[in-house]
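Read the structure below first, then the notes.
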Protein chains: 2
Amino acid sequence: MRRTSAETKSIILSAARERFAADGYERATIRSIAADAKIDPAMVMRYFGSKEKLFAAAAEFDLRFDALADVPREQLGAAFVRHFLRQWEAGEALQVLLRTGITNDGAAERMREIFAGQLAPRIAALTGDPASAPVRAAMISAQMLGIGLARYILQFPPVVGMSEDELVSWLGPTIQRYLTAD
Amino acid sequence: MRRTSAETKSIILSAARERFAADGYERATIRSIAADAKIDPAMVMRYFGSKEKLFAAAAEFDLRFDALADVPREQLGAAFVRHFLRQWEAGEALQVLLRTGITNDGAAERMREIFAGQLAPRIAALTGDPASAPVRAAMISAQMLGIGLARYILQFPPVVGMSEDELVSWLGPTIQRYLTAD
DNA sequence: ACTGTAGGCCAACACGTGTTGACAATCAAC
DNA sequence: GTTGATTGTCAACACGTGTTGGCCTACAGT
């Protein structure tokens, strides 16, 4: 009995998040995750049951859009961009989702839930127009996922080289438009 | 001698493109590709040498931006969007690249080559400003890859449900801005 | 000191993978 | 009709995977 079960469980979880974020679902093997956590592969099974369930636990997260509740209308675009960029950098969760959502159907479904279920209602509340909220949410998601893809996954040099402020000045007006256009 | 070698080679290639586009690099197995092509797995090896080389052959393609050579300045944004959307739907090549570029380093590199090497020079020529072309190209790539991701891979319902014209009216001004902003 | 319980490790399983080599079938050239 | 080359098939290889069960090992309660 070296540790409590909750401790090792969380050690495994964070190792899993890193591996999934770096390698995607298929290439992140249970053995490599276990090695990172300095633990036996069988432990991963004991605590999470299967690779799918491990992944489900690792991909759980909250975009925390509530932080944007009282931003003035005209600054919403810039605020959204800044918020997204920080979410990308805060933890591996978004990278996990993007890397895996592309080959793993479960992850794609979760992505849809998150962006439709967390972003759209927020936009409906902010703009007061529930009818157009899903489309606006989808356009904003597409733009911000595209930037995440270019910056963190594909690593296009110009995008990697830009500062947060530069990105905000490029993307802010775009998001603002997706929020408010006709 | 049932067929000529060039024939079977091209049969394998198109089966490979479909599988890579649908499943990504890791999950598209040589056996499944061979099964689709109704051919022995060993043939794939004989003709392409390895899975990596098969992939390299399948991911080869040209974005054909030359088609945009004589579009009036003010319509460039809309024209770009329409061109990209048609490229997405024309063949599986772009989907192959996106699906695989996320887990396969070679594919990511190829993606960088294509977008920096084919798009940026075109933009430099169109705008007459070589210095800012790489950044503009990267921003446009990010937006268009994001839309492709949302529409063809993650299948966000609002994006899937939009017509080409609707997409152009949302995205056209964005691209126009990335082309011409200060 | 003894026992029960819970964390941790090891070895093995069944399976699917990319890849290889030897062998059969089919055609062209002479 | 025989030879030579080219297309196709079969079976097997070495390896890495997710997953399983049995076996230690350390602590808590009595």
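In this structure, CZ in A:F84 is found 4.0 Å from CZ in A:F65, a value given to the nearest 0.5 Å.
Using a 4.0 Å heavy-atom distance criterion, A:F48 is classed as making no nucleic acid contact.
The side chain of B:D40 sits closest to D:dT9 out of C:dG18, C:dA12, D:dT9. Nearest to the side chain of A:T8, among C:dG8, D:dT7, D:dT17, sits C:dG8. Comparing C:dT20, D:dG8, C:dC9 by their nearest atom to the side chain of B:M45 picks out C:dT20.
Computed from coordinates, the B:I12 CD1 to D:dT9 P distance equals 11 Å when rounded to whole Å. Rounded to whole Å, atom P of D:dT17 lies 12 Å from atom CD of B:E26. Atoms CD1 (B:I11) and C1' (D:dT7) sit 13 Å apart, rounded to a whole Å.
In this structure, A:R46 does not reach the C:dG8 phosphate: none of its side-chain N or O atoms is under 4.0 Å from OP1 or OP2.
B:D40 and B:R31 are not joined by a salt bridge, as no carboxylate oxygen comes within less than 4.0 angstrom of a charged side-chain nitrogen.
Figure legend: B:K53 and B:Y47 shown without cation-pi pairing, the cationic atom not lying both under 6.0 angstrom from the six-membered ring centre and within 45 degrees of its axis.
No donor-acceptor contact under 3.5 Å links the side chain of A:R3 to the base of C:dG8. Taking only distance into account, the side chain of A:R31 never meets the base of D:dG16 through a donor-acceptor pair shorter than 3.5 Å.
Relative orientation of the A:F20 and A:F55 rings is perpendicular, given thresholds of 30° and 60° on the angle between their planes.
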